Trainee: 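This is the structure I have questions about; it appears just below.
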Amino acid sequence: MKKLDLTIHGGRVVTDSSDCRADIGIAAGKIAAIEDKLERGDRAIDAHGKLVLPGGIDSHCHVEQLSGMGILCADDWYSATVSAAHGGTTTIIPFAAQHRGQSVAEVAHAYAELAKAKSILDYSYHLIISDPTPRALNEELPELIRSGITSFKVYMTYEKLKLDDAQLLDVFAVAAREGALPMVHAENNDVITWITRHLLAAGHTAPKYHAVCHDPAAENEATNRAISLAGLLDTPVLIVHVSTKGAAQAIHAARTLGAPVFGETCPHYVLLTADNLDLPGVEGAKYCCSPPPRDPESQQAIWEALSIQSLSVVSSDHAPYRYDESGKLPYGDKTSFKQIANGLPGLELRMPLLFSEGVLKGKISLEQFVALTSTNHARLYGLHPRKGTLAVGADADIAIWDPDRKLTVRAAELHDKVGYSPYEGMQLTGWPVTVISRGEVIVEDGETRAKAGRGQFIARGVPEPLRNARPIRAGAGFLRKLFASSVSN
Ligand code: DUC
Ligand code: ZN
Ligand code: ZN
């Protein structure tokens, strides 16, 4: 046995498919041994009474990014990765966003520089495609996919980001041809715009109307449409931040028929409701995100979808905007629901919330927790088996959890720069007390022990749904061949 740099003793070691007591040995940043009993390494951590889990992967968060409304996130790559690490996450995949008129390649390269300088965690990023020009589709995207950026997000809403159906098909065709996973923000823009017009005409401007204009019907229709369009080319697709029963059912139905359709949700869709937006003045802005939190029946449907695995990943959708004029409220207390920056903070609490409210309350098992917060992200986004699991040869990205640690959420104690938490005052049980990235202890005793820039860019492989050979639906094969050489515009 080679010399071990770090050993972890006596913990309950849990992956997405196993749960046993074992020691873990780490050498040169990788897991070198998982055995009943190991000799102590250069450094040894006692994990008796603790859970030893794969570090989390957060595959949907916004960091140092300009929104469609032109608002810059409050968190940069340093504060975001420190915050994520304290919550048990060891890899993040935020977005390099192409705004209209921009070159995707230039956007990606500029974003890579920001990450390299400041990230304490290993990372990759997705692209956001808002201007699918022939150059973007035929030259830039294929080149970026080959360099390991094997996923991109497209929007069906937001005036400055949305693609029409033909553009969605163009992007899906590139994804199918080049081996990338498209992620879709599925809300019907016309439905939202139409309701908004009527609300504003009637003088309804308060934050609670954000949830009214983003009606579940908008999400349900767009989810069904995105699934149908991906089905036309028989290409995998992932629907992000699923919040409604109808959208979860559409994904479930497609999966039942064998379609490579995947879904993501976020803690706020199982823990918050539209009532949270109904606060005095503009305070409800703290809970405005798209889609918005729904109602108890939707929460129940999303928990159910998680437990039966029709939704595959839980991400934070961390979109850090301060509750002031730099973020949420560009016009102060005169800001209407339409002008509020969309998004909630969530990098640090994603895993503790799901552990406390999901695992400890019996809604999901511990193995499902690992799958939903880590392993499935690695599989879907081309990081597995290097990340997302505890296995010999994998990166030693590990979070040691004290399952009994109790705490009350206080924004002032979190590490992001948002300044408020939608969960302020909530009591949680379970917290990651030691966090290890590539064999280095980066969080311990509540302290950050990592320097800006230590994180590495991880070139991602082909996402698993595109790797698994499967029969292509008749007709889709013809269409895919038609698009095989290039995409017309
Ligand atoms: N909705 C998004 O689509 N992105 C960022 C945050 C949000 O609320
Ligand atoms: Zn979105
Ligand atoms: Zn988002």
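Nothing here was measured: the structure is a model prediction, and the numbers come from that model. Side chains are part of it too, since the values below use all heavy atoms of this structure and drop only hydrogens, waters and symmetry mates.
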Trainee: Which heavy atom of P352 sits nearest to which heavy atom of W431, and what is that distance?
Mentor: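 The answer is CG-CZ3, 3.3 Å.
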
Trainee: Return the OG to CD distance between S83 and E348, rounded to the nearest 0.5 Å.
Mentor: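 Atom-to-atom, S83:OG and E348:CD are 3.5 Å apart.
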
Trainee: Donor-acceptor pair, S356 side chain versus L353 backbone, under 3.5 Å?
Mentor: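 No, because the side chain of S356 does not come within donor-acceptor range (under 3.5 Å) of the backbone of L353.
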
Trainee: Distance only, no hydrogens: is a donor on one side chain within 3.5 Å (strictly under) of an acceptor on the other, for T196 and T193?
Mentor: no

Trainee: Heavy-atom distance under 4.5 Å between the side chains of R386 and I458, does that happen here?
Mentor: yes

Trainee: When rounded to the nearest 0.5 angstrom, what is the spacing between OG1 in T375 and CZ in R379?
Mentor: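 It is 7.0 Å, given to the nearest 0.5 Å.
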
Trainee: Establish, from distance only, whether the side-chain atoms of E140 and S103 form a donor-acceptor pair under 3.5 Å.
Mentor: yes

Trainee: Using a 4.5 Å cut-off on heavy atoms from C-beta on, say whether the side chain of R350 contacts that of T373.
Mentor: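 Yes, at least one pair of side-chain atoms sits under 4.5 Å.
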
Trainee: Does the side chain of P142 come within less than 4.5 Å of L144's, by heavy atoms?
Mentor: no

Trainee: Under 3.5 Å, is there a donor-acceptor pair between the side chain of E464 and the main chain of G382?
Mentor: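 Judged by distance alone, no pair lies under 3.5 Å.
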
Trainee: Rounded to the nearest 0.5 Å, what separates atom CD in Q98 from atom OG in S130?
Mentor: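 Nearest 0.5 Å value for the CD-OG distance: 4.5 Å.
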
Trainee: Report yes or no: do D76 and S79 form a side-chain donor-acceptor pair below 3.5 Å?
Mentor: yes

Trainee: Return the CG to OG1 distance between D278 and T273, rounded to the nearest 0.5 Å.
Mentor: 9.5 Å

Trainee: Measure across Y125 and A96 and return the closest heavy-atom pair with its distance rounded to 0.1 Å.
Mentor: CD1-CB, 3.8 Å

Trainee: Can you see whether R460 engages S151 through a side-chain donor-acceptor pair at a distance of less than 3.5 angstrom?
Mentor: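 The answer is yes; a qualifying pair exists.
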
Trainee: Hey, mind stepping through L428 and K406 against side-chain contact (heavy atoms from CB on, under 4.5 Å) and telling me if it holds?
Mentor: CA-CA 6 Å; L428 298 180; K406 298 213 181 317; over 6 Å; no

Trainee: Would you say the rings of Y209 and H204 are close, in the sense that their centroids are separated by under 6.0 Å?
Mentor: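 So the answer is yes for these two rings.
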
Trainee: First locate atom CG of L329, then atom CG of D333, and finally report the distance between them rounded to the nearest 0.5 Å.
Mentor: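 Going from CG on L329 over to CG on D333, the span is 8.5 Å.
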
Trainee: Can you name the nearest heavy-atom pair linking P385 to A394, along with the distance?
Mentor: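 For P385 versus A394, the nearest heavy atoms are O-CB, 3.6 Å.
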
Trainee: Is the shortest distance from a Lys or Arg side-chain nitrogen in K363 or E357 to a carboxylate oxygen in the other one below 4.0 Å?
Mentor: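 Looking at K363 and E357, the cut-off is not met.
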
Trainee: Provide the closest heavy-atom pair for R177 versus L137 in the form atom of the first, atom of the second, distance.
Mentor: NH2-O, 4.1 Å

Trainee: If we ignore angles and hydrogens, is there a donor and acceptor under 3.5 Å between the side chains of D58 and S316?
Mentor: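 Indeed, the side chains of D58 and S316 share at least one donor-acceptor pair under 3.5 Å.
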
Trainee: Examine K208 relative to F337 and say whether NZ or CZ is less than 6.0 Å from the centre of the six-membered ring and inside a 45° cone about the ring axis.
Mentor: no

Trainee: Is it the case that the ring center of Y158 lies less than 6.0 angstrom away from the ring center of H185?
Mentor: yes

Trainee: For the pair H126 (side chain) and F95 (backbone), establish whether a donor and an acceptor sit closer than 3.5 Å, ignoring hydrogens and angles.
Mentor: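 Checked: no pair found.
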
Trainee: Between E219 and V242, is there a donor-acceptor pair closer than 3.5 Å when you use the side chain of the first and the backbone of the second?
Mentor: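 Checking the backbone N and O of V242 against the side chain of E219, no donor-acceptor pair under 3.5 Å is found.
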
Trainee: Between F369 and W401, is the ring centroid distance below 6.0 Å?
Mentor: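 So the answer is yes for these two rings.
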
Trainee: Closer than 4.0 angstrom, basic N to acidic O: yes or no for R225 and E187?
Mentor: no

Trainee: Please confirm whether the backbone N or O of G346 pairs with a side-chain atom of H318, one donor and one acceptor, at under 3.5 Å?
Mentor: yes

Trainee: Counting neighbours of NZ on K245 that are heavy atoms of other residues, nucleotides or ligands and sit closer than 6.0 Å, is the number greater than 12?
Mentor: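 Open.
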
Trainee: Under a 3.5 Å distance rule, please check whether T389 uses its side chain to pair with a backbone N or O of A391 as donor and acceptor.
Mentor: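 Looks like no, no N/O pair under 3.5 Å.
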
Trainee: Using distance alone, with no hydrogens and no angle criterion, decide if S298 and D295 have a side-chain donor and acceptor under 3.5 Å apart.
Mentor: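 The criterion, which ignores hydrogens and geometry beyond distance, is satisfied for D295 and S298.
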
Trainee: Using side chain to side chain donor-acceptor pair (under 3.5 Å), reason through T91 and D122 one step at a time and then give a plain yes or no.
Mentor: CA-CA 5 Å; T91 304; D122 287 357; 5.5 Å; no

Trainee: Say whether Q102 and H99, considering side chains only, have a donor N or O and an acceptor N or O under 3.5 Å apart.
Mentor: no

Trainee: Per the side chain to side chain contact (heavy atoms under 4.5 Å, CB included) rule, which among I302, I239, V240 passes with T265?
Mentor: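 When side chain to side chain contact (heavy atoms under 4.5 Å, CB included) is applied between T265 and each of I302, I239, V240, only I302 qualifies.
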
Trainee: Can you give me the closest heavy-atom contact between V184 and F172, atom names plus distance?
Mentor: CG2-CZ, 3.8 Å

Trainee: Hey, are R294 and S243 close enough side-chain-wise for a donor-acceptor pair under 3.5 Å?
Mentor: yes

Trainee: Testing the 3.5 Å rule here: is there a donor-acceptor pair between the side chains of S326 and D324?
Mentor: yes

Trainee: How close do G284 and L279 get, counting heavy atoms only, and between which atoms?
Mentor: N-CB, 3.8 Å

Trainee: Using atom types as modelled and distance alone, determine if a side-chain donor or acceptor of S315 lies under 3.5 Å from a backbone N or O of D317.
Mentor: no

Trainee: Between the main-chain N or O of V370 and the side-chain N or O of S374, is there a donor-acceptor pair closer than 3.5 Å?
Mentor: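 No: the side chain of S374 does not pair with the backbone of V370.
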
Trainee: If you draw a 6.0 Å radius around CZ in R410, do more than 12 non-hydrogen atoms from other residues or ligands fall strictly inside?
Mentor: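 Yes.
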
Trainee: If we count only N and O atoms by modelled type, under 3.5 Å, do the side chains of H241 and E264 hold a donor and an acceptor together?
Mentor: no

Trainee: Determine whether Y420 and E283 make a side-chain contact, defined as any pair of heavy atoms from C-beta on separated by less than 4.5 Å.
Mentor: no

Trainee: Distance check, rounded to the nearest 0.5 Å: L366 atom CG versus L360 atom CG?
Mentor: 9.0 Å

Trainee: Would you mind reporting whether I364 and L354 have side-chain heavy atoms less than 4.5 Å apart?
Mentor: yes

Trainee: With a 3.5 Å cut-off and no angle check, do the side chains of D75 and H62 form a donor-acceptor pair?
Mentor: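 Looking only at side-chain atoms, H62 and D75 do not form any donor-acceptor pair under 3.5 Å.
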
Trainee: Below 4.5 Å, heavy atoms only, C-beta onward: do L347 and I92 meet side chain to side chain?
Mentor: yes

Trainee: Centre-to-centre under 6.0 Å for Y111 and W77, is that the case here?
Mentor: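 Yes, the ring centres sit under 6.0 Å apart.
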
Trainee: Any side-chain heavy-atom pair from Y321 and L344 closer than 4.5 angstrom?
Mentor: no

Trainee: Evaluate side-chain contact (heavy atoms from CB on, under 4.5 Å) for I308 paired with H252, printing each intermediate quantity in order.
Mentor: CA-CA 9 Å; I308 62 171; H252 180 76; 3.7 Å; yes

Trainee: Does K286 qualify as a cation-pi partner of Y323, given the criterion of NZ or CZ under 6.0 Å from the six-membered ring centre and within 45 degrees of its axis?
Mentor: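 Yes, a cation-pi geometry.
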
Trainee: What about Y287 and H268, are their ring centers closer than 6.0 Å?
Mentor: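 For Y287 and H268, the ring centres are not under 6.0 Å apart.
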
Trainee: Short question: side chain of T150, backbone of G461 - any donor-acceptor pair under 3.5 Å?
Mentor: yes

Trainee: Answer yes or no: is there a side-chain heavy-atom contact under 4.5 Å between P432 and F355?
Mentor: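 A side-chain contact under 4.5 Å is absent here.
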
